[in-house]
Structures are given as structure tokens and as C-alpha cells.
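Just so it is clear: chains get the letters A, B, ... in the order the sequence lines come, proteins before strands, and each one is counted from 1.
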Amino acid sequence: MASTIRITLPDGSIKEVPAGTTVLEVAASIGTRLARETVAGLADGRMVDLRTALDHDVTLRIVTTRDPEGGEVIRHSAEHVLADAVKRLWPGTQIDAGRQDHSVKFQYDFRFPRAFRPEDLERIEEEMRRIIAEDLPFRRLEVGREEARRIMAQRGEELKLIRIDDIPEGETITLYEHGPFIDVCRGPHVQRTSQIGAVKLLEASGAYFKGDESNEMLQRIYGTAFASKKEMNAYFARLEEMRKRDHRKLGVQLDLFSFHPEAPASPFFHPRGAIVYNELVELMRSKYREYGYDEVITPQIFDVALWKRSGHYDNYRENMFFADAYDEVEDRKFSVKPMNCPSHCVLFASASHSYRDLPLRIADFGRLHRYERSGVVTGLTRVRSFSQDDAHIFCTPEQIGPEIRSLFDFIFEIYELFGFSSIEIFLSTRPEKAMGDPAVWQHAEKVLARSLDDRGAAYTLNAGDGAFYGPKIDFVVHDAIGREWQLATIQLDFLLPERFELTYVGSDGTEKRPVMIHRAILGSIERFFGVMLEHFAGDLPPWLAPEQVRVLPIVDAINPYAEKVRDALLEAGLRATVDSRQEKLGYKIREGESMKVPYLLVAGQREADAGTVALRLRHRRDEGSHPLDEVVARIANAVKTRSREL
RNA sequence: GCCAACGUAGCUCAGCUGGUAGAGCAGCUGAUUCGUAAUCAGCAGGUCCGCGGUUCGAGUCCGCGCGUUGGCUCCA
């Protein structure tokens with residue numbers, strides 16, 4: 001080993017230090033303040049503990065309490081303090097493990113005889129503050145597997161022993177210790193507990209050991225921590241902002257939809273919501289004409305025999321609703337459709353097809369019902385009754401590539417319209433519970449991967465996450481609270497054509513099996529509605545706004561003119577109303593603004609005399625008076641072009 | 001489905017350790033005719049989610065059910 005090594009710092013300067021120098025020592029050699037704030041290092045881009053001895057030339061960035069990565073180290077350390085606090089308060093408690101991702105939260109699972117209550121969390125939080133005030137140093141120990149087992153066994157940590165056994169052979173086991181607490185952990189951790197500037201426990205919940213439903217349930221505590229109180233306040237303020245744009249809140253505020261116990265997890269769209277919903281559907285319909293789709297309307301309830309044939313009965317039954325008629329015969333059972341694909345297969349099979357007919361693109365906005373377990377439903381994003389911009393493409397194997405590429409154009413065109421920018425793409429491959437020939441799977445997976453590569457689209461491989469009938473590509477966007485939602489999906493299916501014995505006549509006159517592509521772009525209209533509402537924080541672009549224009553007469557005497565203005569707007573195909581209530585202008589504006597109407601047209605005597613209206617754009621000030629026909633043309637144009645601008 | 005928390009007027013919420021329900025906004029009525037984010041006054045509005053139980057007495061305590069929310073698990 002060389003006696004000196006070269007450390008390249010972010011400013012490009014190079015420091016020569018003896019091999020074995022730690023990250024913290026490098027920091028100290030630069031400045032005492034830096035050393036004081038150091039919580040870790042980024043060595044060649046990898047997070048390392050500040051106690052790590054550097055043994056070769058590296059590019060090093062010192063991570064301090066001010067860096068985002070520093071926050072992660074602080075939360076990770078707070079996690080240990082949490083576990084320490086719980087063990088101090090309830091000495092018999094066994095610890096399991098913390099969280100992988102410390103970008104915003106930390107968590108710890110405990111084997112504890114009951115659920116933690118809110119008052120427990122308060123006590124624990126107090127205890128944590130006490131530990132932080134003790135300013136305990138963190139120590140890092142590298143140990144052998146047996147040593148780690150011995151320490152944990154001695155402390156009665158049964159769960160931890162299982163965890164140690166799960167650590168792959170050959171991996172270095174490190175322990176972190178502060179005060180009386182010690183835990184198996186990769187680190188990194190802060191220097192001393194006092195570097196945790198602010199800590200807050202968020203909630204408690206149950207969580208299965210190792211995330212497996214069949215294992216015992218442990219008690220989990222969530223919390224967050226920051227370098228300073230100020231940073232923590234900023235975090236909570238941001239959370240509050242996000243809550244305000246929660247689609248469930250906006251749905252009530254804007255009178256768009258509601259939920260009722262009479263039909264749990266199934267939205268009722270109010271007149272305003274129905275307008276938005278139908279605009280989304282109409283958007284897809286208009287594009288279908290461009291992209292060569294044929295829309296069909298299919299039944300809601302089917303003989304169970306259909307689902308047995310499609311395979312849904314065996315693989316998806318637990319998510320299906322069954323429908324029994326009053327005097328139904330014993331041997332004929334019915335079920336509400338959870339998907340459209342089988343009925344499209346029935347349609348395809350009902351006529352003969354030539355290769356010249358393909359690809360056949362069948363679209364269906366049919367209402368679907370899926371039984372989702374009670375604990376998983378939420379707002380519009382996970383419901384039991386919904387419809388999709390669903391379509392099935394029947395094509396020849398050679399047509400898969402072109403179809404997929406055309407779908408990418410379609411998908412990106414639609415997402416562009418909404419301004420969705422952070423889209424993640426996932427390619428999911430053969431799961432364990434799969435039907436069909438593995439060779440066929442492999443071929444399908446290759447076609448999808450190649451199509452993605454051809455387009456230069458970055459994607460993540462989700463090995464084993466495909467549907468049971470075929471591989472798929474999912475498109476995921478992020479909502480306002482940072483949750484991920486799958487919207488578009490493209491799924492290849494070699495099995496349904498098999499099961500329904502679908503055929504077409506090829507150019508050589510022989511019967512061939514078509515390939516089926518399931519695809520949705522908005523995904524479920526309901527989910528898209530919710531995600532989009534949060535995305536826009538309720539400020540829907542003009543074409544989607546349920547009420548596009550509201551005319552505000554200043555006094556009663558102007559009402560007739562205001563109605564004329566509204567009629568001109570209606571004539572132009574716009575959704576317009578008049579607020580003719582006997583209220584002051586400020587009041588009407590406030591209401592129009594809170595309902596997020598994109599255009600408010602103020603009309604007083606001056607405007608009535610001149611044939612103008614005073615335009616007020618959503619969230620902006622008075623734009624002054626303009627001739628009525630100009631304003632109508634402007635708004636009509638924004639709607640027609642589906643512009644996001646007013 | 002599992003672990004919790006919550007459920008009071010259309011909405012947002014108050015109601016301490018059990019003593020018979022309250023505010024603001026919305027609604028209705030009247031007055032006000034008003035120029036860019038809330039005019040004033042009055043009135044009305046509640047099986048306190050449902051069903052049981054404890055108690056002289058339950059919005060409040062306990063049990064069960066339903067629903068919602070946050071996690072877990074699941075998610076074709």
C-alpha cells in the first residue's frame with residue numbers, strides 16, 4: 001500500500017495525505033468548521049462513513065449537515081436514537097431494522113406486545129431529545145459474523161439474529177454503537193447525537209416482519225429529522241402545501257365528485273366532475289380517429305364461463321364481483337367484468353379476419369369493477385369502479401414493433417398535453433406465476449426492450465413483475481405528495497389469442513394466430529383524473545375546466561348585457577355562466593377564483609355601453625376591457641388548442 | 001385482509017376529567033345597487049356514523065359493525 005494517497009476535492013484541488021487518513025481527518029485539515037459539520041463523505045460518488053480510512057486515490061466530497069445527503073445521514077442516525085429510546089423506555093423490546101431510504105423519513109420496527117399509542121410517541125420523542133442532548137459519539141465497529149451473532153444473542157435480539165443470517169456471505173458486517181445502543185448497520189452515521197438538530201415522530205403502524213404477510217406483525221414507528229428546526233419547519237410547511245392540493249380535498253372544494261358508503265370506493269362524479277371526465281374521454285376519442293382505433297361498447301356482466309376460458313377465474317377471482325340474478329338457474333353464474341379483453345376476444349373470434357385487416361385496434365371505455373381489499377382503496381387513485389381508455393390491438397407478430405413505436409408517440413403526445421415531465425418507464429418480465437411457453441416470453445420481452453432502446457427511452461427493468469400472461473411496459477408519474485402512480489401500460493399477450501383460438505388468414509392462405517396488445521394511456525380515467533387534478537393543483541386548463549367562463553355583472557341593471565355576453569360564449573361552444581346574484585363585485589370575484597374558473601368577465605355600465613368586457617385571468621389581476629368578440633375568440637382558441645395557458 | 005387513528009350542521013372545526021350540543025362559512029329571508037378576492041341583520045339547520053353494553057345519566061367510557069385517513073401487504 002502506498003504511504004501517501006491523493007485526494008481530489010470538488011474544487012479540483014488535490015491533497016496528499018497518508019494512507020489510512022479518515023474522511024473526518026481530511027475535513028479537519030481543511031477547516032474546523034467543516035469538520036464540525038461533517039457527517040459523511042462521498043468517495044468516488046459512494047457514500048462512506050466519516051470514520052472510513054481512505055486507502056487509495058479518490059475523488060472526495062465532504063458531506064455536511066447542510067447537504068441533502070447529510071440529511072439522510074442525520075435521519076439514519078435519528079433512527080438509531082429512536083431504537084435506543086424505545087429500548088430505554090421498554091427494556092425488553094426487541095429491535096428489527098430501520099429503513100433503506102432516508103431521503104425524507106426514518107422508521108424502525110420493534111417486537112412489542114401492543115401497538116404504540118400517540119402518547120407513547122410523545123414519550124419516545126422526549127427520550128430521543130434527551131439522548132440527543134447527551135451528545136453521545138457514534139462508534140463504528142467491523143466484526144465477524146460470529147462476533148455479531150454473539151453480541152446480538154447476548155442482548156436477546158432474536159429478530160436481529162435472523163437478519164444477520166440474511167447478510168450475504170463475505171460481506172463485511174459493521175456495528176454502530178452510541179451510548180448503550182448497538183445495532184448491525186451499514187451506516188454511515190453522524191459524529192455525535194447532537195448533530196441531529198430536530199426530530200419529530202410522525203406515526204406508528206403495524207408492519208409485517210420482512211414485509212411478508214404470513215410473518216408476525218411488528219410495530220413500526222415513523223419519524224423524520226433534520227439538521228435544524230428551521231429545515232424541519234420548511235419540510236412541514238411543504239407537506240401542508242401538498243395536502244392542500246390533495247385531489248380528495250379539491251374534489252370537494254370544486255364540487256367534482258364524492259364518495260358514499262352505499263358504494264364504497266366508487267366515485268360519484270357531480271355535474272362539474274362529469275364534464276371533466278367526459279373531456280378526458282373525448283380527448284382520447286379524438287386521438288383514436290387519428291391513430292386508427294375502432295371504438296366498441298360491450299356488456300357489463302358475463303357468464304362465468306368466459307372468465308374460466310380467459311383464465312381470469314383461476315388467477316383473478318379474488319378481485320372479481322359476482323352477480324347473481326334473482327331466479328337464476330343453478331349452473332349459470334355471472335360476473336361483472338374486471339377487464340375488457342375477453343369480450344374483445346369474443347368480438348374478434350366472431351368474424352373471420354385476413355392479414356389485411358390487421359392491426360385491428362379495438363377501444364372500449366367500458367366500466368370495470370374490481371374488488372380491491374378494503375385497506376388499499378384511496379380517493380380516485382385506487383377505486384373499485386372505474387373505466388379505462390382501454391384498447392386491444394390484434395396484430396401479426398411482425399407488426400408488434402411498429403405498433404409499440406406508434407404507441408410511444410401516442411403516449412408522449414398525450415402526456416405532453418398535460419405537461420407531465422417526470423415519467424418513469426418500467427419493463428416488467430416473466431413472473432413466477434406465469435402461463436405459457438418461456439420461449440414465447442423471451443421473444444416478447446426482447447421486442448419490448450428493443451422498442452424502448454430504439455426510441456432512446458430510459459427505463460428500469462422490473463424482473464419478474466410482468467402480468468401472468470405477458471411482459472409489459474408501465475409508465476409511472478409522480479403526484480403532488482410524491483407518490484408514484486402507474487398510468488399508461490402496454491402489455492403483450494400471447495395467451496388470450498391461444499385460449500380463444502383467435503386466427504387470421506395469412507397471405508399464404510393458412511390460418512395464423514394473432515398477437516394481442518393490451519394498452520391504456522391515461523390508464524384508469526378515475527386515477528388519471530385524481531393525479532391530474534393534483535398535478536394542476538385544481539387549476540385545470542381551459543379545455544378541461546367545467547366552467548370555462550363566468551360573467552360578473554357589477555349591478556343588477558347590467559344582467560341583461562351579461563346574459564348577452566354569456567350567450568355569445570355559449571354560441572362559440574364554451575361553457576359559460578352569469579353570476580347574477582345581488583352581491584358586490586369583490587364577492588363574485590372571490591367565488592369565481594375559489595372555484596378556479598379560468599376566465600372571469602366583468603361587465604359594468606362602461607362595458608355595456610362599449611360592447612366590451614373586462615377580462616380577468618385566473619389568479620391574475622384585471623387585464624382591462626376588450627371588445628367582446630376578441631375575448632370570445634381568445635378563449636375559444638385556448639380551448640380548441642387544448643392550451644395549458646389562459 | 002392486517003396495525004392504528006379518526007367519524008359532531010352541506011363544509012371546516014370546538015365541545016376539559018360522563019350532566020342532555022356550539023362557532024365560522026355555505027343556505028334561506030330582508031335591507032343594501034355596489035368597479036376587481038368576503039356588505040349588514042335576522043332565521044333555519046344535528047338519529048353527535050350505526051347497533052349493543054356500562055351508568056341515575058353517554059357526543060364523551062367499553063364491545064361489535066360500517067366508512068374514511070395513515071401505514072403494512074396486495075395491485076392485470
Side-chain angles (χ1 to χ4, degrees), chain A residues 105 107 109 112 114-118 120-121 202-222 243 246 248-249 252-253 255 258-265 310-312 315-316 318-320 338-341 368 370-379 381-382 388 390 428 431 433 465-470 472 474 481 485-486 489 491 493 495-496 518 520 523-524 527 552-559 582-595 600-607 614-625:
Chain A
K105 288 179 186 180
Q107 72 189 39
D109 291 354
F112 195 70
R114 60 172 175 83
F116 288 106
R117 294 186 278 259
D120 295 330
L121 296 192
L202 301 171
E203 64 207 341
S205 84
Y208 301 108
F209 181 53
K210 290 197 206 175
D212 185 339
E213 219 174 350
S214 61
N215 285 342
E216 73 175 294
M217 185 167 264
L218 305 175
Q219 299 302 324
R220 175 173 297 175
I221 296 175
Y222 288 90
R243 272 191 207 109
D246 186 318
R248 292 165 299 193
K249 267 207 133 49
V252 174
Q253 190 194 324
D255 193 19
S258 56
F259 289 87
H260 303 278
E262 288 79 358
S310 69
H312 289 88
N315 294 281
Y316 200 64
E318 63 273 21
N319 285 292
M320 288 169 69
M339 291 180 204
N340 290 312
C341 25
L368 307 176
R370 297 183 187 172
Y371 177 74
E372 299 283 359
R373 295 159 94 195
S374 61
V376 308
V377 295
T378 162
T381 42
R382 190 90 179 260
Q388 298 178 311
D390 195 16
S428 300
K433 186 179 160 189
D465 209 29
F468 74 83
Y469 52 72
K472 60 175 182 175
D474 290 323
I481 316 174
W485 292 108
Q486 186 213 296
T489 183
Q491 311 187 350
D493 189 341
L495 293 160
L496 277 187
H518 309 247
S524 127
R527 173 178 295 179
L552 313 179
I554 292 173
V555 293
D556 289 355
I558 306 298
N559 286 353
Q582 193 188 296
E583 294 290 350
K584 291 168 80 170
L585 181 60
Y587 182 88
K588 294 182 180 182
I589 287 174
R590 187 185 153 82
E591 290 230 322
E593 278 283 348
S594 60
M595 289 306 279
L600 298 178
L601 304 187
V602 175
Q605 195 57 54
R606 289 203 297 270
E607 286 74 17
L615 178 61
R616 197 185 155 106
L617 303 176
R618 183 171 55 202
H619 305 329
R620 297 208 219 132
R621 309 216 146 262
D622 185 8
E623 304 267 323
S625 291

Is there any protein nitrogen or oxygen under 3.5 Å from a nitrogen or oxygen in nucleotides 50-52 of chain B, and what are the pairs?
none

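Distance CD1 (A:I554) to C1' (B:rU36): 8 Å, rounded to an integer number of Å. Between A:Y222 atom OH and B:rU69 atom C1' the separation is 14 Å, expressed in whole Å. Rounded to an integer number of Å, the gap from CG of A:L121 to C1' of B:rC3 is 13 Å.
Among the protein residues, A:F116 comes within range of no part of the nucleic acid, since none of its heavy atoms lies under 4.0 Å from any strand. Residue contacts for A:G586: at a heavy-atom cut-off of 4.0 Å it reaches the sugar-phosphate backbone alone, with no base atom in range. Contacts of A:E593 with the nucleic acid, taken as non-hydrogen atoms under 4.0 Å apart, include base atoms. Residue contacts shown for A:E583 include a base, since a base heavy atom lies under 4.0 Å away. Counting any heavy atom pair closer than 4.0 Å across all strands shown, A:N315 reaches a base atom. Using a 4.0 Å heavy-atom criterion, one finds that A:G624 contacts no nucleic acid atom at all. Within the 4.0 angstrom heavy-atom criterion, no nucleotide atom of any strand lies near A:A557.
A donor N or O paired with an acceptor N or O is not found under 3.5 Å between the base of B:rC75 and the side-chain atoms of A:R373. You won't find any donor-acceptor pair under 3.5 Å spanning the side chain of A:Y208 and the base of B:rG71, going by distance alone. With hydrogens and angles ignored, no donor-acceptor pair under 3.5 angstrom links the side chain of A:R621 to the base of B:rU36. Between the side chain of A:E372 and the base of B:rG1 there is no donor-acceptor pair of N/O atoms closer than 3.5 Å.
As the counterpart of B:rG10, B:rC25 is assigned, both hydrogen-bonding distances of the Watson-Crick or G-U wobble pattern falling under 3.5 Å. Taking a pair to require two hydrogen-bonding distances under 3.5 Å in either a Watson-Crick or a G-U wobble arrangement, B:rU39 pairs with B:rA31.
Positionally, the nearest nucleotide of RNA chain B for A:A614 lies more toward the 5' end than for the other of A:A614 and A:S310.
Here A:Y316 does not reach the OP1 or OP2 of B:rC75: none of its side-chain N or O atoms lies under 4.0 Å away.
Separating the C1' atom of B:rG18 from that of B:rU55 is a span of 9 Å, rounded to the nearest Å.
Partners of A:H619 by ring pair (Phe, Tyr, Trp, His ring centres under 6.0 Å), not counting sequence neighbours: none found.
Set against B:rC74, B:rG35, B:rA37, the side chain of A:R606 has B:rG35 as its closest nucleotide.
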